[in-house]
Amino acid sequence: MPRPRNMWPEQEHSLGALWEMADASCHDVVVLSTSPNAVSSSRLREFSLAVWLHLKGALGILRARRSDAIILTKFKTPLLPLLMLLTFPWAKRVFMVVHHTIQQAVMKPWSRPLLRVAARLGYGLLVFESAEELPDELAWSVGSMRMIVIPEPGPHSTWWKTGSTVSTKPRRVTVGVLGERRAEKRSDELIRELKRVQAEGEVDLDILVAARNLDDYPQSLLAGVRTLETPDMSSYCAALRSCDVVAINHEEGRYRNRTSGVLTDAVVFGCFVVAPDYPLFRRQLSDPARVGETFSNLSSLGDALAGVLELRALGTDPFSEHRRRRLPATLAAEFDSQLESLR
């Protein structure tokens with residue numbers, strides 16, 4: 001399957017690094033995605049496109065059946081039966097990227113049998129950061145599946161390999177809210193709380209809101225904050241370079257058992273992060289070096305930001321270790337070692 005051009009930032013986020021990892025691997029590794037490059041206004045058309053792309057994904061697996069490993073990402077869990085029906089003879093070569101599927105299976109028990117069937121057929125999982133925090137609800141479903149665990153990939157390394165310098169100067173920090181305005185990301189509440197922290201002088205900060213389409217936000221909410229539209233990867237990276245800190249406020253029900261791509265992007269660009277206190281978020285912010293703070297509820301956001309400023313004042317560079325973990329050669333070495341152990 002050809003690599004798509006002009007991907008949205010959230011699509012480019014992990015695909016670029018996975019392709020680099022595949023190229024750097026000692027094995028023949030193929031990366032396939034079933035994600036569209038555009039959203040249709042019609043649900044019927046969107047579903048039809050998804051089915052078509054999953055059929056193309058199945059064809060891609062057929063074509064790559066002689067490779068050592070096939071990484072399947074950006075698929076829709078409800079369409080897994082279709083993919084498995086068409087590709088089960090080559091299941092032992094396929095590793096499904098499941099950071100979203102794991103969380104969905106916690107929320108929607110109907111999807112758990114799909115993972116059990118995948119395990120029985122021999123499909124493997126590619127898990128980001130850790131499999132230690134696997135929810136109890138899923139331990140029986142996927143505990144027997146072959147797993148490869150690697151750090152959460154960032155964007156293609158050409159965007160961030162030089163990184164950013166950590167500034168310790170006593171100036172106003174720029175706190176960014178990046179990504180699309182979706183209910184589960186709770187960015188409206190986050191922006192309001194940042195405004196409160198700013199108004200009450202808890203932290204001396206500027207607020208930057210960056211999204212592909214700023215019209216999705218109420219204009220009253222954006223009053224008094226800097227804004228930047230990010231329709232492509234270049235502008236998205238520019239937004240990251242403008243931030244000292246990136247804040248996220250993802251809903252627990254959707255993100256407790258998965259990683260955050262925006263969080264990883266921020267770290268490799270040299271931004272500290274404040275995020276909800278979820279298991280994998282904590283791991284992303286502390287391993288291999290501490291690059292942020294978590295908060296148990298949004299009302300303690302000011303305390304988390306103050307903690308980040310203390311980290312920033314140390315004048316050290318904790319980000320270089322995170323970047324090294326996500327270099328293509330490093331990811332490939334981890335992937336290859338685990339792939340060989342599964343044979």
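All figures in this text were calculated on a predicted structure; none of them were measured in a lab.
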Validation row: [X], [Y] side chains within 4.5 angstrom (heavy atoms):
| X | Y | answer |
| --- | --- | --- |
| Leu305 | Phe295 | no |
| Leu178 | Cys243 | yes |
| Gln198 | Val175 | no |
| Phe95 | Arg146 | yes |
| Lys76 | Thr34 | no |
| Leu298 | Arg192 | no |
| Leu83 | Leu72 | yes |
| Glu229 | Asn213 | yes |

request  = Assess the side chains of Gln284 and Thr264: does a donor N or O sit below 3.5 Å from an acceptor N or O?
outcome  = yes

request  = Go through the side-chain N and O atoms of Asp232 and Ser234 and say whether any donor and acceptor fall under 3.5 Å apart.
outcome  = no

Using a 3.5 Å distance criterion without hydrogens, assess whether the side chain of [X] forms a donor-acceptor pair with backbone atoms of [Y].
| X | Y | answer |
| --- | --- | --- |
| His54 | Phe75 | no |
| Glu202 | Asp303 | no |
| Ser25 | His27 | yes |
| Ser260 | Leu263 | yes |
| Glu152 | Phe128 | no |
| Arg93 | Ile70 | no |
| Asp68 | Val29 | no |
| Arg323 | Val268 | yes |
| Ser300 | Asn297 | yes |
| Ser341 | Gln338 | yes |

request  = Run the salt-bridge test on Arg324 and Glu321 with the 4.0 Å N-O cut-off and return the result as yes or no.
outcome  =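 A salt bridge is absent here (no side-chain N lies under 4.0 Å from a carboxylate O).
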
task = Dump the intermediate steps for ring-ring contact (aromatic ring centres under 6.0 Å, His included) on Phe319 and Phe269, then the final yes or no.
result = CA-CA 8 Å; Phe319 302 104; Phe269 272 88; over 10 Å; no

query = Can you tell which of Asp206, Leu194, Ile207, Val177 makes a side chain to side chain contact (heavy atoms under 4.5 Å, CB included) with Val225?
reply =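 One option only clears the test, and that one is Ile207.
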
ask   = Which of these passes side chain to side chain contact (heavy atoms under 4.5 Å, CB included) with Phe281: Val273, Thr259, Ile248?
value = Ile248

Provide the closest heavy-atom pair for [X] versus [Y] in the form atom of the first, atom of the second, distance.
| X | Y | result |
| --- | --- | --- |
| Arg325 | Pro288 | CD-CD, 3.4 Å |
| Pro318 | Ala289 | O-CB, 3.7 Å |
| Leu114 | Pro81 | CD2-CG, 3.6 Å |
| Val291 | Val267 | CG2-CG2, 3.7 Å |
| Gly179 | Ala211 | O-CB, 3.4 Å |
| Val246 | Cys271 | CG2-CB, 4.1 Å |

inquiry  = Would you say CZ of Phe88 has more than 12 non-hydrogen atoms from neighbouring residues, nucleotides or ligands within 6.0 angstrom?
reply    =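 Not more than 12 within 6.0 Å, no.
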
ask   = In this structure, are over 12 heavy atoms from other groups packed under 6.0 Å from Lys195 atom NZ?
value = yes

query = For Glu189 and Arg181, what are the C-alpha separation, side-chain angles and deciding distance, and is it a salt bridge (charged side-chain N to carboxylate O under 4.0 Å, His left out)?
reply = CA-CA 11 Å; Glu189 295 92 333; Arg181 181 180 182 247; over 6 Å; no

Measure the [atom1]-[atom2] distance between [X] and [Y] for me, rounded to the nearest 0.5 Å.
| X | Y | atom1 | atom2 | answer |
| --- | --- | --- | --- | --- |
| Leu301 | Thr294 | CG | OG1 | 11.5 Å |
| Leu55 | Leu86 | CG | CG | 6.5 Å |
| Asp265 | Met233 | CG | CE | 6.0 Å |
| Leu18 | Leu331 | CG | CG | 8.0 Å |
| Asp188 | Tyr217 | CG | OH | 6.5 Å |
| Tyr123 | Thr87 | OH | OG1 | 2.5 Å |

When hydrophobic residues are tied together by side-chain contacts of less than 4.5 Å, even through go-betweens, does [X] share a cluster with [Y]?
| X | Y | value |
| --- | --- | --- |
| Met84 | Val94 | yes |
| Val274 | Leu208 | no |
| Leu228 | Leu221 | no |

task = List the steps, then state whether side-chain contact (heavy atoms from CB on, under 4.5 Å) holds for Met21 with Ile150.
result = CA-CA 11 Å; Met21 181 190 78; Ile150 62 172; 3.9 Å; yes

ask   = For Asn249 and Glu193, what are the C-alpha separation, side-chain angles and deciding distance, and is it a side-chain contact (heavy atoms from CB on, under 4.5 Å)?
value = CA-CA 11 Å; Asn249 183 39; Glu193 182 63 17; over 6 Å; no

inquiry  = Under the criterion side chain to side chain donor-acceptor pair (under 3.5 Å), I'd like the reasoning laid out for Asp277 against Ser296: C-alpha separation, chi angles, the key distance, then a yes or no.
reply    = CA-CA 5 Å; Asp277 189 20; Ser296 55; over 6 Å; no

query = For the residue pair Tyr255 and His250, does the interplanar ring angle fall in the parallel (under 30°), tilted (30 to 60°) or perpendicular (over 60°) class?
reply = tilted

From CA spacing to verdict: salt bridge (charged side-chain N to carboxylate O under 4.0 Å, His left out), Arg182, Glu184 = CA-CA 6 Å; Arg182 297 204 301 265; Glu184 67 269 20; 2.8 Å; yes

